[in-house]
Amino acid sequence: MAAQILDGKVLSAQIRDKVAERVCALKEQGVNPGLAVILVGNDPASEIYVRNKEKGCAETGILSRTIRMDAETSQEDLEAEIGKLNADPAIHGILVQLPLPAHLDEQAALAKILPEKDVDGFHLVNAGHLMTGTEGVVACTPKGALYMIRSTGTELSGKEAVVIGRSNIVGKPMAMLLLQQNCTVTVCHSRTRNLAEHTRRADILVAAVGKPGFVTADMVKPGAIVIDVGINRVDGKVCGDVDFESVKEKAGWITPVPGGVGKMTIAMLLSNTAEAAERTLSRE
Ligand code: NDP
């Protein structure tokens, strides 16, 4: 039987609707949530992502401010801009659009964002919170992927979860979130031997590799939940890391690309921004 589709459009709309309600409640209490996005240079893919974020803010009532900086911007100027936003009470979330031009130090820039305004969840303090299971900001893409997994209603405790990819922004935080759900988690990467032997055991399989069609049906356990994080462009068309057509015949649930995890990432960014604004109220 063909897999059920985990529709990112439907699931992300649920989150955006809740964010819009939370934003209304915040405004009633005098807080107008604000998200600032710093865009350095004019990478076309980044321009699209930034426009989608502005659109998401408009739909949920979040104030959006985009700071465009020249491709030649110095590290000092970038960090000075982050410092200004850190000090600005109208801004609750700060996001530096990645990748930055090669001459800039991404890690150093991200470290300058106040952890409580780090709505991407990339700051070392927030990575540490996730690692230790304490309250912090959770990275948007893995948070969105977990929402999709949980939307299946499957009891996750004790399940075998396999994550392919170990990046700091997707693979590792995804593994941590699944561990918190009491899954038995295996993280695979480019040096993993006999990859398919691992993936075939997975009740939950997350692909975050960046290689089109990398996960094929023979690598998937029948009935598995398959989450495709990959965003690849082939002949101008966007596709994921999973060979959707073959895998959908074997999996129990599957996310499409486009229309899957990507939609959830933006919804979780808006949710993290509302959360950051809510925290300012609880600090008062
Ligand atoms: P990275 O390139 O940072 O990480 C890719 C991971 O895949 C690495 O850990 C790498 O292993 C592993 N890998 C590469 N080749 C193999 C292989 N042959 N077998 C097993 N593992 C392999 O990518 P990201 O994590 O940043 O992103 C992954 C994908 O997700 C990309 O397509 C990206 O565009 C997409 N993405 C989508 C988002 C969304 O909103 N949907 C958000 C962020 C990313 P090693 O560590 O050993 O090199």
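Every number for a ligand or one of its atoms is a count from 1 in the order of the listing.
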Enumerated ligand 1 atoms positioned under 4.0 Å from heavy atoms of I164: 20 (C), 21 (N)
Heavy-atom nearest neighbour in the protein, as seen from atom 5 (C) of ligand 1, with distance rounded to 0.1 Å: V209 O, 3.4 Å
Among all protein heavy atoms in this structure, tell me which lies nearest to atom 31 (C) of ligand 1, with the distance rounded to 0.1 Å. G210 CA, 3.6 Å
What protein heavy atom sits nearest atom 35 (C) of ligand 1, and how far away is it? V229 O, 3.5 Å
Under 4.0 Å from ligand 1, counting heavy atoms only, is it the side chain of K211, its backbone, both or neither? side chain
Locate the shortest heavy-atom distance separating D218 from R200; write the atom from each residue and the value. O-NH1, 2.8 Å
Taking only heavy atoms of G262, which atoms of ligand 1 are found under 4.0 Å from at least one of them? 40 (O), 41 (N)
What protein heavy atom sits nearest atom 20 (C) of ligand 1, and how far off is it? H189 O, 3.1 Å
Does ligand 1 have a heavy atom under 4.0 Å from the side chain of N232, from its backbone, from both, or from neither? side chain
Indicate yes or no for a side-chain donor-acceptor contact from E116 to the backbone of H92 under 3.5 Å, with no hydrogens or angles considered. no
Rounded to the nearest 0.5 Å, the CG atom of L63 sits from the CD1 atom of I91 at a distance of 5.5 Å
Criterion side-chain contact (heavy atoms from CB on, under 4.5 Å) on V215 and I164, from CA distance to verdict: CA-CA 10 Å; V215 173; I164 320 176; 3.8 Å; yes
Pairing of E54 and R65 as salt bridge, 4.0 angstrom limit: no
d(K27 NZ, I62 CD1) to nearest 0.5 Å is 8.5 Å
shortest atom 11 (O) of ligand 1-to-protein heavy-atom contact is with S190 N, 3.2 Å
Can you list the atoms of ligand 1 that are under 4.0 Å from a heavy atom of F214? 17 (C), 18 (N), 19 (N)
Starting at CG of L195, measure out to OG1 of T199 and round the result to the nearest 0.5 Å. 5.0 Å
Is E81 paired with K84 through a side-chain N to carboxylate O contact shorter than 4.0 Å? yes
In the protein, what heavy atom is nearest to atom 26 (O) of ligand 1, and what distance, to one decimal place, separates them? I169 CD1, 3.6 Å
Heavy-atom nearest neighbour in the protein, as seen from atom 9 (O) of ligand 1, with distance rounded to 0.1 Å: R166 N, 2.8 Å
Do the side chain of D228 and the main chain of T255 share a donor and acceptor less than 3.5 angstrom apart? no
Considering only non-hydrogen protein atoms, determine which one is nearest to atom 27 (O) of ligand 1 and report residue, atom name and distance to 0.1 Å. V170 CG2, 4.4 Å
Is there a donor-acceptor pair under 3.5 Å between the side chain of N86 and the backbone N or O of I113? no
Within the 4.0 Å heavy-atom cut-off, what I231 brings close to ligand 1 is both
Short list, please: which atoms of ligand 1 are under 4.0 Å from a heavy atom of T265? 39 (C), 40 (O)
Residue-level breakdown please: for T141 versus ligand 1, do any non-hydrogen atoms fall below 4.0 Å on the side chain, on the backbone, on both, or on neither? side chain
Check each atom of ligand 1 against the heavy atoms of A208 and keep those under 4.0 Å away; list them by number with element. 5 (C), 6 (C), 7 (O), 28 (C)
